[in-house]
Number of protein chains: 2
Amino acid sequence: MKATIKDVAHEAKVSVASVSRALNGVGGVTAATEKRVREAAARLRYMPHGAARSLITRRTNTIGALLPDLHGEFFSELIRGIDQQARLHGLQLLVSSSHDGLDDAASALRAMQGRVDGIVILSPRLDARFLKANLPEDLPAVLLNSPVTGAQHAVLNIDNFAGTHAMVRHLLGVGHRRIAFIAGPPDNYDAQQREAGFRGAMAELGHDGSPVVVAGDFSERAGYEAGRKLLKAKLRPQAIFAANDMMAVGCLQALKDAGLDVPQDIALAGFDDIPISRYVSPALSTVRVRIAELGRSAMGLLSEMIARPGTAVGAVHLLGCDIVVRDSCGAHAIGSVHR
Amino acid sequence: MKATIKDVAHEAKVSVASVSRALNGVGGVTAATEKRVREAAARLRYMPHGAARSLITRRTNTIGALLPDLHGEFFSELIRGIDQQARLHGLQLLVSSSHDGLDDAASALRAMQGRVDGIVILSPRLDARFLKANLPEDLPAVLLNSPVTGAQHAVLNIDNFAGTHAMVRHLLGVGHRRIAFIAGPPDNYDAQQREAGFRGAMAELGHDGSPVVVAGDFSERAGYEAGRKLLKAKLRPQAIFAANDMMAVGCLQALKDAGLDVPQDIALAGFDDIPISRYVSPALSTVRVRIAELGRSAMGLLSEMIARPGTAVGAVHLLGCDIVVRDSCGAHAIGSVHR
DNA sequence: ACGCCAGATGTAAACGTTTACATGACGGCT
DNA sequence: AGCCGTCATGTAAACGTTTACATCTGGCGT
């Protein structure tokens, strides 16, 4: 059996109250007794029972993270950012990932009840109705990349518009005119924004009123297929902008398989800046999303909400992103070398 | 204020005991009252308080994961595997990553006290003494890639010996004789095993009694430096085997920068099979470690220990790994093409 | 008609903490 | 000398559940 505070009290010959005071350093206790208590606790290997403590203090020092079935770098970077910031505030992290359906998410949410002080939700598929039904309204929550908007929760999104605009501007600046776009899954909020951003930028900056857009789903395979499809067009695009890096990588393979040289024959760009982008050849130009930063910011917002409940944070916050120019977009053919 | 079980009891006009029974489906309650209770609970948006529940049931349905400051794919795959299996058992996951020092780890461990039913620890630096001091002995624990061995906890390791042996055998089989090794950080258990495995395999299978081994630290940069160093030797190795993929990638760059062709002039192999390995050119031959599988197995072991406390699981379990042959080791120069 | 049994329901204790409040001791001030 | 304030310490209530046990109800067998 594990030692409880009572055992320590008995061992140190004081009351449980004094043990609590001594161990929590709240004062109101003699240096001598504090020492006695600490020694007794050490001797018994006493560790306070977290659940019991949170029950009475109504603080768990834990925040929850509700994530969809994510693979790879995005997931780990996000967790990393959240966890870093959480650690800074002395908070732990209760993760629930890989939930696909709404039921999954709902039950994960209930299971977190009473175990977390706040929650970070990344779920492009959850709508306002679901949240209203399953999220206790007094639980601080930060929504990531979510279309939901309401004063209820804070929302933190990637600035997809700024990113696509910057990349389109760059591609045009390098001299490409006919730019094609490979879109992401239609039900994904980021994908929607990136496509809209691309169309907007082309309408605004380009001379092409209705640019070519082919469908995709963020997968490498979809990128490959899209690449083949684009090559079959009568008027081959001068540049291809994929809605994420994975598709750009797939597309790159398609272009190579067709015997084309990138960026000589055709330019290519992606979005996300996953690590792989740096290692394909030619290295992929892309829009950098600082994912860990996204996690950190979310966590920062959340701890703010926890510290000062009732503060309105309903605004939608945007996390900027910048473009990183490597070899695949042809900029270096005319300029400096940059690795 | 959040609704408690008392509120539901009042709303449904029954006692708290009946509410508990109705909601937990343990029987001993009329269908009619169960319905009344469920409706009352739904009306009040009642969700049971996790901490209160675990306090009395002595079950948290949560397992902890204590991880070092890990980047990238390894981290996310591991969590993924653990979480998948945990979900299968209806368990949640309390993550504490990015802790560097021993103090960090110790305080993370205390914070988990009373919040988890078991724990998975990946920490090549923690020794038996630390564990004895900071881990409650009746808390089921699974150690990953740990040199610690004891009946106290289960240990699950990657079979680094089998992996290095297989790769050395393969390289020799392709015809390479002078094989050099880039080692990992000396204080890392996996690194130690891989180096020992390499030396053992060379002594056993090769004709070279004392093969060249240069130092490294698992980083891309260290791989680059090691590559340069190896090229300066009077007798250039025919193949280089890096203790992990990241160093292999760095080394590849060094070889390219020196104007060498891989695998024509020199062969290269890594260890881990991180996603990047497939995307560099030439694609990297490597030893595949099924990381998600590692997480799943650990979690499986753990839930076994939780379900049947007292069962001895002190044995060291090994997770096998197989080699994946791509272009960088020169096998394809003499055989079929394989992507 | 009586008692009994099964099953539904309620009462209250227990889990391990924190903390408001009561108690008691001691020292300094007038 | 008496009083009061300060401060260490103890007692007990509270947090929100689950569950052993007591109580009550109704139906059934004799």
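The figures here come from the full heavy-atom set of this structure, side chains too, leaving out hydrogens, waters and symmetry mates. Since this is a predicted model, take the numbers as computed values, not measurements.
Under the side chain to side chain donor-acceptor pair (under 3.5 Å) criterion, the residue pairs touching residues 114-124 of chain A are A:Arg59-A:Asp117, A:Thr60-A:Asp117, A:Arg115-B:Ser54, with sequence neighbours excluded.
Looking only at distances, no side-chain donor or acceptor of A:Asp83 sits under 3.5 Å from a matching main-chain atom of A:Ile79. Judged purely by atom type and a 3.5 angstrom limit, B:Arg87 uses its side chain to pair as donor or acceptor with the backbone of A:Ser97.
Closest to the A:Ala52 side chain, of the nucleotides D:dG16, C:dG16, C:dT18, is C:dG16. In the set C:dT17, C:dG16, C:dG10, C:dT17 carries the atom at the smallest distance from any side-chain atom of A:Pro48. The side chain of A:Ser20 lies closest to C:dT18, out of C:dT17, D:dG16, C:dT18. Of the listed nucleotides (D:dT17, D:dT11, C:dC15), D:dT11 has the atom at the smallest distance from the side chain of A:Ala17.
Taking atom CG of A:Leu55 as the reference point, atom C1' of D:dT17 lies 8 Å away to the nearest angstrom. In this structure, B:Arg115 atom CZ and C:dG16 atom P are separated by 15 Å, rounded to whole Å. Between A:Met47 atom CE and C:dT17 atom P there is a gap of 12 Å when expressed in whole angstrom units. One can place CD1 of B:Ile5 at 17 Å from P of C:dA12, the figure rounded to the nearest angstrom. What separates NE2 of B:His10 from C1' of C:dG10 is a distance of 15 Å, to the nearest Å. Following rounding to the nearest Å, B:Lys2 (NZ) and D:dC15 (C1') show an atom-to-atom distance of 14 Å. In this structure, B:Arg21 places its CZ atom 14 Å from P of C:dG7, rounding to the nearest Å. If you take NZ of A:Lys6 and P of C:dT18, they are 13 Å apart, rounded to a whole angstrom.
A heavy atom closer than 4.0 Å to some atom of DNA chain D occurs in B:Asn24, these being the qualifying members of residues 23-38 of chain B.
Here A:Thr57 does not reach the OP1 or OP2 of C:dT17: none of its side-chain N or O atoms lies under 4.0 Å away. Between A:Arg53 and C:dT18, a side-chain N or O to OP1/OP2 separation shorter than 4.0 Å is present.
More than 12 heavy atoms of other residues, nucleotides or ligands lie within 6.0 Å of NE2 in B:His89, so this atom counts as buried by the packing criterion.
Judged as a salt bridge (Lys or Arg N to Asp or Glu O under 4.0 Å), and not counting sequence neighbours, B:Asp103 has no contacts.
For the side-chain hydrogen bond (donor to acceptor under 3.5 Å, both in side chains) with B:Gln193, the lone residue among B:Asn157, B:Asp159, B:Asn145, B:Asn160 that qualifies is B:Asn160.
Take the nearest nucleotide of DNA chain C for B:Ser15 and for B:Ile56: the residue whose nucleotide is more 5' is B:Ser15.
Ionic pairing of B:Arg296 and B:Glu293 is present here: one or more N-O contacts between side-chain nitrogen and carboxylate oxygen are shorter than 4.0 angstrom.
Judged by distance alone, with hydrogens and angles left aside, B:Arg58 brings no side-chain donor or acceptor close enough to the base of C:dG16 to form a pair under 3.5 Å.
Contacts of B:Ser18 with the nucleic acid, taken as non-hydrogen atoms under 4.0 Å apart, involve only primed sugar atoms and P, OP1 or OP2.
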